[in-house]
2 protein chains.
Amino acid sequence: MKIDSEHLEILAVIVEKGGLTEGADELGKSQPSVSRSMALLEKRIGMPLFEPGRRPLRPTELGASLARLGNRIRIANKDASLLVRRFRQGLAGRLRVGGSPIFTDGVIATMIAEFQSRNSDVHIDQSYGYLDTLEAGLKNGGLDIAILPLHPRQVPPDMDFLPLLSGRNVITCRVDHPLTRIKAISLSHIANYPWIAPPADSPLYRDLERALKSIGQEDFMVNFSGGTLASIQSVLTGSDSLTVLPYSVVFQTRRTIPLAVLPLKIDHPDRQLGILTKSDRQRPPAAQQFITFLQAESERLQARMDHAEQVTHRRS
Amino acid sequence: MKIDSEHLEILAVIVEKGGLTEGADELGKSQPSVSRSMALLEKRIGMPLFEPGRRPLRPTELGASLARLGNRIRIANKDASLLVRRFRQGLAGRLRVGGSPIFTDGVIATMIAEFQSRNSDVHIDQSYGYLDTLEAGLKNGGLDIAILPLHPRQVPPDMDFLPLLSGRNVITCRVDHPLTRIKAISLSHIANYPWIAPPADSPLYRDLERALKSIGQEDFMVNFSGGTLASIQSVLTGSDSLTVLPYSVVFQTRRTIPLAVLPLKIDHPDRQLGILTKSDRQRPPAAQQFITFLQAESERLQARMDHAEQVTHRRS
DNA sequence: ATATAATATCGCATTGAGTTATGAAGATTG
DNA sequence: CAATCTTCATAACTCAATGCGATATTATAT
């Protein structure tokens, strides 16, 4: 014999409010309705829930005990409603975010930290990958959103791409690098230094090739390759190596890992860091919340970068 | 928007069992039924509870969270069912028991202790009173059962009386009382000792009068009156006083407060200790349980008393 | 006693849960 | 890769429960 949980909740309210009529009011139901519900419950369990012949309805021992349990149910139910509301508003949930390693570590990670400190109930599951991996993740539902640099032409047909930052690359080195003391840097200067290369299968590696080709340096010496942003930064600050990094990464991490940007114009890849999502798949509200947040943060970052650049120009 | 607690319970079972079909099995419902319930819940909250296009139905983050809450509800509901079952079997609840002071303290209290040690969830609310008080208590619902010595003629019309023990009274005193050393006690012997009398409004007081009158002692000296059994026993063991007590009381408390019974035949009141209940009023199951218990305990007590008496006769 | 407030009951409409039968789609296997 | 198996969704229908207003009944208060 299963008891109807709804009945127990009603009982709890009646007992709490001290009367059937007030209980009905509280529940937003009519008095006859709850009266009948209680009559039905009493009939089901075969025991009286209220003292007979008492006008402001008073519960029996059993009624009071069941009311306590009903209250537990009510609390759980309320929690459930709250949870649903928070999920709908994107304030709770889990978000599986995939991203290209360098940008994710250098730019997105700090934004994620900020997002989590605001929306503590959103759990972000971060993973790394390049276009093909991320695209597959989105397709099979393993990822909610992907963050990577992309050229408009590369966007898969059934996906949406929302640009966040321009994909400008720069040549960078440690701040006290010999080259930073040279006014006008030319090809001959940088030819003497070894290069750090990102993993060979990464777009950034191709950027590096392209950038160096654009300034005329066809073959270059690589003394370190692969690894994550953290290892690249370590090697960079501990040696005279050079490398190509997105300017936003250099800028975003300038407080913890300061790096110098060489005033050498290199070919821009025509890509933008942005958010890739599946068009049809309805995103969880937390995803929308996160996307909106990333847009705002990116705009702020872009503004700060622009501002810093103006200051530099004025100084020079 | 109120969530149906039933739905959350169903969700919890589905998630726990790892599939809709198995969940339906567990719940004893058909598979389409729970399927539709979940569809309805999803429609209500406007969010998916299960990952789309997964055949062994897997919950989303929201679904899993709601399932946890559903489980809490299930537990509370199960507790409720259990509670009801225990109440129905008389293994839980509250019992308001009224009784005449001497019998209650001397005979019933130890039985109540034993009863409570067996049925720990039954809470007994004990109170004292004589016939009129107890009768009123039963009538207005303030008492579930009353325990008192009664003559069959005194039983109110709409009440039932269940005899437990014969109401035989005896003259008693402390075990090392001078009178215990006298073989054949006569009236002249006891005339020298003062009497302890129960409260003047108690039936036992009238018993005392009647008993003494029956053995020819019209007026008697009372050096202590009123008080509870405990105080009577204290005075009795600390002085040479005599008093009249039910034999069952003397017998039941013989281990803790040993008293001597004088071999004087006195007039029996034609009453029996028994249980008085209202006929129409449906008793809580715990009451029935308690009554049955008292009957069994009383039978055992009676048997022991009979046995003790036989031994005494053989010895004398 | 009479008035008042609280609860129970009645009649009727609507909703939701239950069923079986059946269709659709992911998962599995030769 | 097609066939098959599982698993879930849908359809059509019945019935129990809930909703309501109107009204009877019954403690409690004045």
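Order of the sequence lines fixes the chain letters, A, B, ..., with proteins taken first and strands second; residue numbering starts at 1 for each chain. The basis for the numbers below is simple: all heavy atoms, side chains too, and nothing from hydrogens, waters or symmetry mates.
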Exercise. Hey, mind stepping through R94(A) and E61(B) against salt bridge (charged side-chain N to carboxylate O under 4.0 Å, His left out) and telling me if it holds?
Worked result: CA-CA 6 Å; R94(A) 191 184 43 148; E61(B) 188 69 12; 3.3 Å; yes

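The pair D4(A)-R44(A) does not count as a salt bridge, with every side-chain nitrogen at least 4.0 angstrom from each carboxylate oxygen. The pair K2(B)-E6(A) meets the salt-bridge criterion, since a charged nitrogen lies less than 4.0 angstrom from a carboxylate oxygen.
For the pair L8(B) CG and dA17(C) C1', the computed distance is 16 Å after rounding to whole Å. Computed from coordinates, the K43(A) NZ to dA16(D) P distance equals 10 Å when rounded to whole Å. Remark: P of dA6(C) and CG of L20(A) are 11 Å apart, rounded to the nearest angstrom. In this structure, the CD1 atom of I10(B) is 15 Å from the C1' atom of dC8(D), given to the nearest Å. Between the C1' atom of dT7(C) and the CD1 atom of I14(A) lies a distance of 11 Å, rounded to the nearest Å. In this structure, CZ of R58(B) is placed 15 Å from C1' of dT7(D), rounded to the nearest angstrom. In this structure, CD of E51(B) is placed 14 Å from P of dG26(C), rounded to the nearest angstrom. Regarding D4(A), its CG atom lies at a distance of 6 Å from the P atom of dT18(D), rounded to whole Å.
Relative to the side chain of P56(A), the nucleotides dA9(D), dT28(D), dA17(C) differ in distance, and dT28(D) lies closest. Closest approach to the T21(A) side chain among dT18(D), dT7(C), dC8(D) is made by dT7(C) (side chain taken as heavy atoms from C-beta onward).
The shortest distance between the side-chain N/O atoms of H7(B) and the OP1/OP2 oxygens of dG16(C) is not below 4.0 Å.
Not one N or O on the side chain of T60(A) forms a donor-acceptor pair closer than 3.5 Å with the backbone of E51(A).
Residues Q289(A) and Q89(A) form no side-chain contact, since every pair of their non-hydrogen atoms from C-beta on lies 4.5 Å or further apart.
Using a 4.0 Å cutoff on non-hydrogen atoms, the parts of residues 27-37 of chain B near DNA chain D are Q31(B), P32(B), S35(B), ordered by number.
To the nearest 0.5 Å, atom CD1 of residue I14(A) and atom CZ of residue F50(A) are 4.5 Å apart. Between the CG atom of L273(B) and the CD1 atom of I108(B) there is a distance of 5.0 Å, given to the nearest 0.5 Å.
The nearest heavy atom of DNA chain D to E42(B) and to L40(A) marks one nucleotide each, and the one closer to the 5' end goes with E42(B).
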